[in-house]
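Just below is one structure, and these are the notes that go with it.
We count ligands from 1, going down the list as the structure has it; atoms in each ligand are counted the same way.
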Amino acid sequence: MHVVSAQGSEKLHGWNAPDRKRWRGLFVTGTDTGVGKTVITAAIAAALRSEGRNVGVWKPVQSGALLGKGITDAERLLRGTDISDRPEQVAPFTFAAPLAPALAAKQAGVTMTTAGLLAAGEPLAERYDALLIEGAGGAAVPLTSDTLVADFIAELGVPALIVARCGLGTVNHTLLTAALLRQRGIPVAGVVMNEVDPATSRDDPSTAANAELIERYGGLRVLGRFPWICGEATMEKLVRAVKRHIDISPIRQMLENARSQ
Ligand SMILES: Nc1ncnc2c1ncn2[C@@H]1O[C@H](COP(=O)(O)OP(=O)(O)OP(=O)(O)O)[C@@H](O)[C@H]1O
Ligand SMILES: C[C@H](N)[C@H](N)CCCCCC(=O)O
Ligand SMILES: [Mg+2]
C-alpha cells in the first residue's frame, strides 16, 4: 500500500490538511469485543488475496495476551491468511491485560499516541496495496488517553466494516455503531452478521429479521451472514465461507476507488 499525500478537500474523510497521509484499506470494527472481528478480517483478507490482490493485515493494538502462544489476534490473522509477516509487525503494540487499549497501555507503563500507532503501521502500508485493519473491541473503545477507536478510523481516512452478532440486541448495537462512525465522517462499507453463537441464534426468533431491520432503519448494507466455522478456522474454510455467504463486491469497489484516487 502506498501512503500518499491527500489531495484537495475531503471533508467526509476528515483529512483535508495538505500534509495528512492517506491510507488505503478497510477498518474492521464491531458492535462489541468478541463478535468475530478477527475471524471476519482474516476471512475477507484471505478471500481478496485468493483473487490475487496484495492485501495485508494490521492490528494496531491488541490486548488480552502476549505474543508467542499463537492466541493473539495478530497470530490468528496470519494463520487465517497464510501471510508470512512477523506477528510483531502486524501488531506493533501488544499488552497482556484484557482491558481497553488505553488502560492496558497505561498499566504497562507505555505512552501510546495516535501518531505512534500510525508510524508503527507505515511499514505495512508501504508493503501492501491495501490493509484490512482490525480494531480492538467496538468503535467507542478508548484507544489512547484522549481518543476512541472511531477517532483513529477517522484519522486513517478509510471506510469501516461493522461486524455484528446475528441475535437479539444486534440491531441496537449495530445502529449505534453506525451512528458513531457517521458522526466522525467515516463511510460504512457494510455490515457482516456473524454466527458467533450458533446455538443461541438458531433458537432466536429475531435472527431472521435482524439484517432487514439493520438495512431499513440504518440505511446500511448487510453483506451477508457468516457461518459458524467448525474446528480450526483454516484459510481454505474462511475463503469458502466468504465466497458462499458474503458479498465482498462493495469492499472490492472501495479498494479500487482508493487505488484510483
Ligand atoms: N464464525 C465463527 N465460527 C467459529 N468461531 C467463531 C466465529 N466467529 C467468532 N468465532 C470465535 O469466537 C471468539 C470471538 O471471536 P473473535 O476473536 O474473532 O472476536 P473479536 O471481535 O475479534 O474480539 P476482540 O475484540 O478481542 O478482537 C473466538 O474464539 C473465535 O474463534
Ligand atoms: C481484551 C479484549 N479481547 C479486547 N481486545 C479489548 C476490548 C475492550 C472493550 C472495552 C469495552 O467496550 O468495555
Ligand atoms: Mg479480534
Going hydrophobic residue to hydrophobic residue with side-chain gaps under 4.5 angstrom, can you get from Val163 over to Ile229? yes

Looking at Lys106, I want to see if its NZ is surrounded by more than 12 non-hydrogen atoms of other residues, nucleotides or ligands under 6.0 Å. no

Specify the protein heavy atom at minimum distance from atom 11 (C) of ligand 1: its residue, its atom name, and the distance to 0.1 Å. Trp228 CZ3, 4.4 Å

For ligand 1, which part of Lys59 has a heavy atom less than 4.0 Å away: the side chain, the backbone, both, or neither? side chain

Has Leu99 got any heavy atom lying under 4.0 angstrom from an atom of ligand 2? yes

Using the rule that two of Ile, Leu, Val, Met, Phe, Trp, Tyr join whenever any of their side-chain heavy atoms come within less than 4.5 Å, decide whether Phe27 and Met112 are in one cluster. yes

Nearest to atom 17 (O) of ligand 1, what protein heavy atom do you find, and at what distance? Arg76 NH1, 2.9 Å

How wide is the angle at the Mg ion (ligand 3) between OE2 of Glu134 and OD2 of Asp73, to the nearest 10°? 90°

Would you say Asp32 and ligand 1 have an N/O pair spaced under 3.5 Å apart? no

Under 4.0 Å to a heavy atom of Val141 - the qualifying atoms of ligand 2, by number: 9 (C), 10 (C), 12 (O)

To the nearest 0.1 Å, how far is atom 20 (P) of ligand 1 from its closest protein heavy atom, and which atom is that? Lys37 N, 3.4 Å

Would you call the rings of Trp58 and Trp23 parallel, tilted or perpendicular, where under 30° means parallel and over 60° means perpendicular? parallel

Mind checking whether Pro227 has a heavy atom under 4.0 Å from ligand 1? yes

Here's a test for you: under side-chain contact (heavy atoms from CB on, under 4.5 Å), which of Val239, Leu161, Val28 qualifies with Ile44? Leu161

With Ile214, which of Arg221, Met193, His173 fulfils side-chain contact (heavy atoms from CB on, under 4.5 Å)? Met193

Looking at Phe226, which atoms of ligand 1 are within less than 4.0 Å of one of its heavy atoms? 1 (N)

Atom 5 (N) of ligand 2 [closest protein heavy-atom partner, distance rounded to 0.1 Å]: Ser63 OG, 3.5 Å

Quick one: do Met254 and Val242 end up in the same hydrophobic cluster if we chain Ile, Leu, Val, Met, Phe, Trp and Tyr together by side-chain heavy atoms under 4.5 Å apart? no

Could you check atom 14 (C) of ligand 1 against the protein and tell me its nearest heavy-atom contact, residue, atom and distance included? Gly34 O, 3.6 Å

Among all the protein's non-hydrogen atoms, which is closest to atom 3 (N) of ligand 1, and how far away is it? Ile229 N, 2.7 Å

What residue and atom, counting heavy atoms only, is the protein's closest point to atom 9 (C) of ligand 1, and at what distance? Val196 CG2, 3.5 Å

Should Arg53 and Asp129 be marked as a side chain to side chain contact (heavy atoms under 4.5 Å, CB included) after you check the CA-CA gap, both sets of side-chain angles, and the distance that decides it? CA-CA 8 Å; Arg53 288 168 206 270; Asp129 293 335; over 6 Å; no

In plain terms, say whether Asp82 and Arg49 are close enough for a salt bridge, that is, a side-chain N and a carboxylate O under 4.0 Å apart. no

Before you tell me yes or no, could you show the steps for Thr94 and Glu88 under side chain to side chain contact (heavy atoms under 4.5 Å, CB included), namely the whole-Å CA-CA distance, both residues' side-chain angles and the distance that decides it to 0.1 Å? CA-CA 8 Å; Thr94 298; Glu88 56 274 26; over 6 Å; no

Distance from atom 4 (C) of ligand 2 to nearest protein heavy atom, with residue and atom: Thr33 OG1, 3.6 Å

Can you tell which part of Glu134 has a heavy atom less than 4.0 Å from ligand 1: side chain, backbone, both or neither? side chain

Non-hydrogen protein atom less than 4.0 angstrom from atom 29 (O) of ligand 1: no

What do you reckon, does Gly30 put a non-hydrogen atom under 4.0 Å from ligand 1? no

Report the part of Val163 in contact with ligand 1, treating N, CA, C, O as backbone and CB onward as side chain, heavy atoms under 4.0 Å; options are side chain, backbone, both, neither. neither

Are the charged groups of Arg165 and Asp32 less than 4.0 angstrom apart, N to O? yes

Could you tell me whether the side chain of Asn210 and the main chain of Cys166 form a donor-acceptor pair under 3.5 Å? yes

Which atoms of ligand 2 have any heavy atom of Pro98 under 4.0 Å away? 1 (C)

Can we say Asp151 and Arg184 salt-bridge, meaning some charged N sits less than 4.0 Å from an Asp/Glu carboxylate O? yes

The Mg ion (ligand 3) and Thr38: any N/O/S contact shorter than 2.8 Å? yes

Atoms of ligand 1 less than 4.0 Å from Gly137 heavy atoms? 25 (O)

Taking atom 19 (O) of ligand 1 as the reference point, the nearest protein heavy atom with its distance: Gly36 N, 3.1 Å

Under 4.0 Å from a heavy atom of Ala100: which atoms of ligand 2 are those, numbered in the order shown and with their elements? 8 (C)

Answer side chain, backbone, both or neither: which part of Thr41 comes under 4.0 Å from ligand 1, heavy atoms only. neither

If you scan protein heavy atoms around atom 8 (N) of ligand 1, the nearest is Asn194 ND2, 2.9 Å

Between Glu75 and Lys59, is the closest basic N to carboxylate O distance under 4.0 Å? no

Could you tell me which non-hydrogen atom of Thr174 sits nearest to which non-hydrogen atom of Thr170, and how far apart they are? OG1-O, 2.6 Å

